[in-house]
Amino acid sequence: MIKIKGLHKSYRIGKNSLHVLKGINFNVEEGEMVAIMGSSGSGKSTLLNIIGMLDVADEGEYTLDNIEIKDLDETKAAKYRNRFLGFIFQSFNLINYKTALENVELPLYYQKVPRKERQEKATQYLAKVGLTDWIKHLPSELSGGQKQRVAIARAMAAEPKVLLADEPTGALDSTTSNEVMQLIQEINDEGKTILVVTHENDIANMCKRIVQLKDGVIIEDKIVEQVRALAHV
Amino acid sequence: MFNKDSWQEIFETISKNKLRTFLSGFTVALGIFIFVILFGFGNGLKNSFQEFFMDDATNVIRVFPGRTSKPYQGFESGRAIEFRNDDLAAIKDNFRFQVQYITPRITRNTTVKYKNNSNNYGLRAVAPAHAAAEKTIMMKGRFINQLDVINKTKYAVIGRLVEIDLFESEDALEKFVNIGNRSYKVVGVFQDDGGDNEERFVYIPYTTNQLVEKNTDKLDQLIIGFNPAIGYEGSLLFEEKLLRFLKEKHHVKPSDPKAINSRNIADQMNKNQQFGTALQWIVTFVGLGTLIAGVIGISNIMVFVVKERTKELGVRKAIGATPRAVTLMILQESIFITTAAGYIGLFTGIFILKTLGTSLAEDYFIKNPYISIGTAIFATITLIFFGAIAGYVPARKAARIKPIEALRSK
């Protein structure tokens, strides 16, 4: 599903160049649930952003679902993101003046899905994350866990190939974190490929594979026994 | 760009960000509103101005007799010049082409009585042509005519306010009024755009007045309507020739500045029109200034709006909005808001101008302020256009930011 070869990325900070990713080689198969771990500054978020086409690599190859991702202009990147990727952010990034339903509808709007179909689909996905009673509520009227579930529904609504989660539980307490991880696991159970960036071991252990990053290189890549989030409750 | 879906998205955004919509709309509405009001007031000033100077015919030269200041042809200085009836005929004969009409005006102050009411009014003994020179408008009956002049009839034409003063609710027509202890029949009532004072005059045939005043043939001033075809320059030339002719006829030294005076309304008009043009320029300048201020206002708000929405735009881009979609969305929003608000400002302004009407005429000399629809629509479209440009620049910039940067912004 994801093939990455020799990926490099540097940032310019003033006169100095900060080499963040120093040659990443890394493949993800369909249906995997991979945790990308590392301390802050290890390059894990940068890697996720490049996979998510929110950022571009300086060097290296990146293939997503057999499509080579290169020479991205913003328009192309937007279309790929819309078709292939679903994002879950630490800070939810819901549009605050839109209701839960409208937020979930938004990726479908950019896919030019007709309004009625959009609403049906969005309602369906909100039901899937257990928010049927909250579809008309604004983000400000929802709890953190509910907001993240709206964000998950939004990421799922576009029916992406890969779900990318950047510290999805970073802003949540442990009970809510478990609920959210349970949801993500269920989505993975249905066969969706999922990448989770986290620095928490608990969260990483709920995935099926852990990739350890340090100073821009992968230092460890292992398959783990998945811990079901339900078990913690 | 104009599909129903994107409009629906925009209406949702607009209606859910009321404060933002209100602020940007308010700037535009206010800009247009002030423009319409200022421009309208400018036009109102011009209206008053025109009224001051243009209630009389403009192709008119007035000639006043005075006293000589230089001895000439055996006459001492200090002699009073008097125009007589034969001057009228002589002027007509000598200036056939230039003179359109001529009328004397003998002015007296007199008491006019009807039943128990009496009051002092200006009495003007004139010829029929006087109506043309003063642009007298007949409300009912008729003005003095040539037969009245020939027959020296005791007919009077009274002003609208004279009728109100003396006759109260009665109809003055065909009634007899007492003017200077003689009875005159009212044959007409007139009005005049020159204001109240102009409507407190009483007109009688000049020959009748001469008969009353011991059958003289003296005339006070002469009012000559010249043929408009001779133009402004021609009228100055005519005025000069006319004075020379009258001075010669009355044995006045040609260089005597005081014996016979004249006033050419066309000359005054010309100066007044220059003043009017200056006024027009000031109005235009103020209007343009307001528009520019409005445009700057919208630009500021658009920059602010886009900045405020950077994160939202990042989210939209992350979930699949193309830069084009983002730019179009902001542009459509700003055009929609400026158009709607622009028309609100436009119609509020026009409505207020219409409501004001003549209410500011007395104290502020702003009468019937108005703005031509063409000017108003031009101003609105200008604001919409610059509002769109003002929105487009930051929108395009926002659309180009990498979503990762937009998402990081607070």
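Atom set for the values below is all heavy atoms of this structure, side chains included, hydrogens, waters and symmetry mates excluded. The sequence lines fix the lettering, A, B, ..., with proteins before strands; numbering per chain opens at 1.
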- Closest contact, heavy atoms only, A:A78 versus B:A321: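 So the minimum-distance heavy-atom pair works out to CB-O, 3.3 Å.
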Give me a line-by-line list of donor-acceptor atom pairs from chain B to chain A that are under 3.5 Å apart, or tell me none exist.
| from | atom 1 | to | atom 2 | distance (Å) |
| --- | --- | --- | --- | --- |
| B:D5 | OD2 | A:R118 | NH1 | 2.5 |
| B:E9 | OE1 | A:K98 | NZ | 3.4 |
| B:E9 | OE2 | A:K98 | NZ | 2.9 |
| B:E12 | OE2 | A:R115 | NH2 | 2.9 |
| B:K16 | NZ | A:E102 | OE1 | 2.4 |
| B:K16 | NZ | A:E102 | OE2 | 2.6 |
| B:E312 | OE1 | A:Y97 | OH | 3.4 |
| B:E312 | OE2 | A:Y97 | OH | 2.7 |
| B:R316 | NH1 | A:Y110 | OH | 2.9 |
| B:R316 | NH2 | A:Y97 | OH | 3.2 |
| B:K317 | O | A:R81 | NE | 3.0 |
| B:K317 | O | A:R81 | NH2 | 3.1 |
| B:K317 | NZ | A:E74 | OE1 | 3.4 |
| B:I319 | O | A:N82 | ND2 | 2.8 |

- Item | Atom pair CD1 (B:I319) and CD1 (A:I95), whose distance is rounded to the nearest 0.5 Å |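 Interatomic distance, B:I319 CD1 to A:I95 CD1, rounded to 0.5 Å: 5.5 Å.
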- How would you list, by chain and number, every residue that makes a side-chain contact (heavy atoms from CB on, under 4.5 Å) with B:L45, sequence neighbours excluded?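 With neighbours one apart ignored, the set is B:L279, B:F365, B:I366.
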- Message: List the residues meeting side-chain contact (heavy atoms from CB on, under 4.5 Å) with B:L356, not counting sequence neighbours, and say none if there are none.
- Response: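 side-chain contact (heavy atoms from CB on, under 4.5 Å) check on B:L356 returns B:F41, B:I352, B:S359, B:L360, B:P369.
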- Listed by chain and number, what are the ring pair (Phe, Tyr, Trp, His ring centres under 6.0 Å) partners of B:F39, not counting sequence neighbours?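 In terms of ring pair (Phe, Tyr, Trp, His ring centres under 6.0 Å), with neighbours along the sequence ignored, B:F39 is linked to B:F35.
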- Between B:G320, B:A325, B:A399, the one whose heavy-atom pairs under 4.5 Å with chain A are most numerous: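 That would be B:G320.
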